Trainee: 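First, the structure itself, so that you have it in front of you.
Values below: every heavy atom of this structure, side chains too, minus hydrogens, waters and symmetry copies. Bear in mind the structure is a predicted one, so any value in this text is a computation, not a measurement.
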Amino acid sequence: MAELIAKATLKERKIKGVSVSSRGISVTENRINPSAERALEYKGVEIGKFRPKKITKTIAKSCDAFITMTDAMKNILTEKGFDNVYSAR
(Lines give C-alpha, C1' and ligand atoms only; values in the text may rest on other atoms or scores of the structure.)
Protein backbone atom coordinates (compact mmCIF):
# COMPACT_ATOMS: atom_id res chain seq x y z
CA MET A 1 0.00 0.00 0.00
CA ALA A 2 2.79 2.44 0.93
CA GLU A 3 4.61 1.76 -2.34
CA LEU A 4 1.53 2.44 -4.44
CA ILE A 5 0.72 5.67 -2.60
CA ALA A 6 4.32 6.90 -2.80
CA LYS A 7 4.58 6.13 -6.52
CA ALA A 8 1.25 7.84 -7.22
CA THR A 9 2.36 10.90 -5.26
CA LEU A 10 5.71 11.09 -7.08
CA LYS A 11 3.92 10.82 -10.44
CA GLU A 12 1.32 13.41 -9.47
CA ARG A 13 4.05 15.86 -8.39
CA LYS A 14 6.17 15.04 -11.45
CA ILE A 15 9.15 14.02 -9.29
CA LYS A 16 11.68 11.87 -11.14
CA GLY A 17 14.79 9.99 -10.08
CA VAL A 18 13.31 8.47 -6.90
CA SER A 19 12.90 4.72 -6.57
CA VAL A 20 10.28 3.42 -4.17
CA SER A 21 9.72 -0.16 -3.09
CA SER A 22 7.60 -1.68 -0.37
CA ARG A 23 8.10 -4.96 1.44
CA GLY A 24 6.18 -6.58 4.27
CA ILE A 25 7.52 -8.17 7.42
CA SER A 26 5.02 -11.00 7.21
CA VAL A 27 3.35 -11.50 3.85
CA THR A 28 0.88 -14.36 4.13
CA GLU A 29 -0.91 -14.16 0.82
CA ASN A 30 0.04 -13.12 -2.68
CA ARG A 31 -2.62 -10.41 -2.72
CA ILE A 32 -3.31 -7.05 -1.14
CA ASN A 33 -5.28 -7.05 2.09
CA PRO A 34 -8.93 -6.33 1.18
CA SER A 35 -9.06 -3.35 3.58
CA ALA A 36 -5.93 -1.86 2.02
CA GLU A 37 -7.37 -2.45 -1.44
CA ARG A 38 -10.55 -0.55 -0.54
CA ALA A 39 -8.49 2.31 0.92
CA LEU A 40 -6.37 2.55 -2.24
CA GLU A 41 -9.44 2.55 -4.44
CA TYR A 42 -11.00 5.26 -2.26
CA LYS A 43 -7.88 7.41 -2.73
CA GLY A 44 -7.95 6.76 -6.47
CA VAL A 45 -4.64 4.86 -6.47
CA GLU A 46 -4.41 2.28 -9.24
CA ILE A 47 -3.42 -1.18 -8.00
CA GLY A 48 -2.68 -2.76 -11.35
CA LYS A 49 -0.66 -5.98 -11.06
CA PHE A 50 0.89 -5.06 -7.70
CA ARG A 51 1.40 -7.96 -5.30
CA PRO A 52 2.83 -7.71 -1.77
CA LYS A 53 6.38 -8.96 -1.30
CA LYS A 54 8.29 -10.01 1.82
CA ILE A 55 11.46 -8.25 2.90
CA THR A 56 14.65 -10.32 2.65
CA LYS A 57 18.32 -9.75 3.48
CA THR A 58 19.10 -9.84 -0.26
CA ILE A 59 16.65 -7.00 -0.93
CA ALA A 60 17.93 -5.12 2.13
CA LYS A 61 21.44 -4.91 0.70
CA SER A 62 20.19 -2.77 -2.19
CA CYS A 63 18.25 -0.30 -0.02
CA ASP A 64 19.44 3.06 1.26
CA ALA A 65 16.87 3.19 4.06
CA PHE A 66 13.89 1.43 5.56
CA ILE A 67 10.94 3.52 6.67
CA THR A 68 8.43 1.62 8.77
CA MET A 69 4.87 2.57 9.62
CA THR A 70 5.29 1.90 13.35
CA ASP A 71 7.99 1.73 16.01
CA ALA A 72 7.09 -1.95 16.52
CA MET A 73 7.95 -2.72 12.89
CA LYS A 74 11.17 -0.74 13.24
CA ASN A 75 12.12 -2.80 16.29
CA ILE A 76 11.44 -6.09 14.47
CA LEU A 77 13.73 -5.13 11.59
CA THR A 78 16.43 -3.81 13.92
CA GLU A 79 16.34 -7.05 15.95
CA LYS A 80 16.73 -9.02 12.69
CA GLY A 81 19.91 -7.07 11.93
CA PHE A 82 18.63 -4.57 9.37
CA ASP A 83 20.45 -1.21 9.27
CA ASN A 84 19.17 2.28 8.41
CA VAL A 85 15.70 1.65 9.81
CA TYR A 86 13.47 4.62 10.61
CA SER A 87 9.89 4.94 11.78
CA ALA A 88 7.48 7.27 9.97
CA ARG A 89 5.60 7.66 13.21
Side-chain angles (χ1 to χ4, degrees):
M1 186 166 152
E3 178 179 344
L4 294 172
I5 291 171
K7 285 181 175 180
T9 301
L10 290 169
K11 183 177 180 180
E12 178 182 297
R13 296 181 182 181
K14 297 179 174 70
I15 298 172
K16 298 184 187 248
V18 177
S19 176
V20 177
S21 179
S22 176
R23 299 288 188 269
I25 292 173
S26 61
V27 176
T28 56
E29 297 179 26
N30 194 25
R31 65 182 293 263
I32 296 175
N33 176 293
S35 296
E37 189 171 353
R38 284 191 298 277
L40 289 166
E41 288 173 355
Y42 178 79
K43 291 187 67 59
V45 176
E46 188 175 321
I47 297 167
K49 295 180 181 180
F50 179 84
R51 293 293 174 256
K53 299 167 276 302
K54 189 172 182 176
I55 190 168
T56 65
K57 289 282 188 178
T58 303
I59 295 292
K61 290 178 184 177
S62 67
C63 297
D64 294 320
F66 297 95
I67 303 170
T68 65
M69 299 303 288
T70 66
D71 288 334
M73 289 178 180
K74 176 185 174 189
N75 293 339
I76 290 169
L77 290 178
T78 302
E79 289 169 7
K80 290 185 176 198
F82 289 84
D83 296 322
N84 300 323
V85 182
Y86 307 94
S87 174
R89 185 172 168 256

Trainee: Let me confirm one number: the CG-OG distance from L4 to S22, rounded to the nearest 0.5 Å.
Mentor: 8.0 Å
Trainee: To the nearest 0.5 Å, tell me how far D71 CG sits from M73 CE.
Mentor: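 It is 11.0 Å, given to the nearest 0.5 Å.
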Trainee: Among pairs that include at least one residue of residues 40-87, which meet ring-ring contact (aromatic ring centres under 6.0 Å, His included), considering only residues two or more places apart or in two chains?
Mentor: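 Matches after skipping sequence neighbours: F66-F82.
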Trainee: Just to verify, what does K7 make a salt bridge (charged side-chain N to carboxylate O under 4.0 Å, His left out) with, not counting sequence neighbours?
Mentor: E3
Trainee: If you measure from CG on D83 to CG on D64, what distance do you get to the nearest 0.5 Å?
Mentor: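 Reported to 0.5 Å precision, the distance equals 12.5 Å.
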Trainee: Just how far is it from atom NZ of K74 to atom CD1 of I67, taken to the nearest 0.5 Å?
Mentor: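 Nearest 0.5 Å value for the NZ-CD1 distance: 11.5 Å.
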Trainee: Calculate, to the nearest 0.5 Å, the distance between atoms CD1 and NZ belonging to I59 and K54 respectively.
Mentor: 13.0 Å
Trainee: How far does CZ of R38 sit from CD1 of I32, to the nearest 0.5 angstrom?
Mentor: 12.0 Å
Trainee: Above 12 or not: heavy atoms from other molecules or residues under 6.0 Å from NZ of K11?
Mentor: no
Trainee: Given 3.5 Å as the limit, does a donor-acceptor pair link the side chain of K16 with the main chain of K14, or not?
Mentor: no
Trainee: Compare all side-chain heavy atoms of L77 with those of I55 and state whether any distance is below 4.5 angstrom.
Mentor: yes
Trainee: Locate the shortest heavy-atom distance separating T70 from S87; write the atom from each residue and the value.
Mentor: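 Smallest interatomic distance, heavy atoms only, reads C-OG, 3.5 Å.
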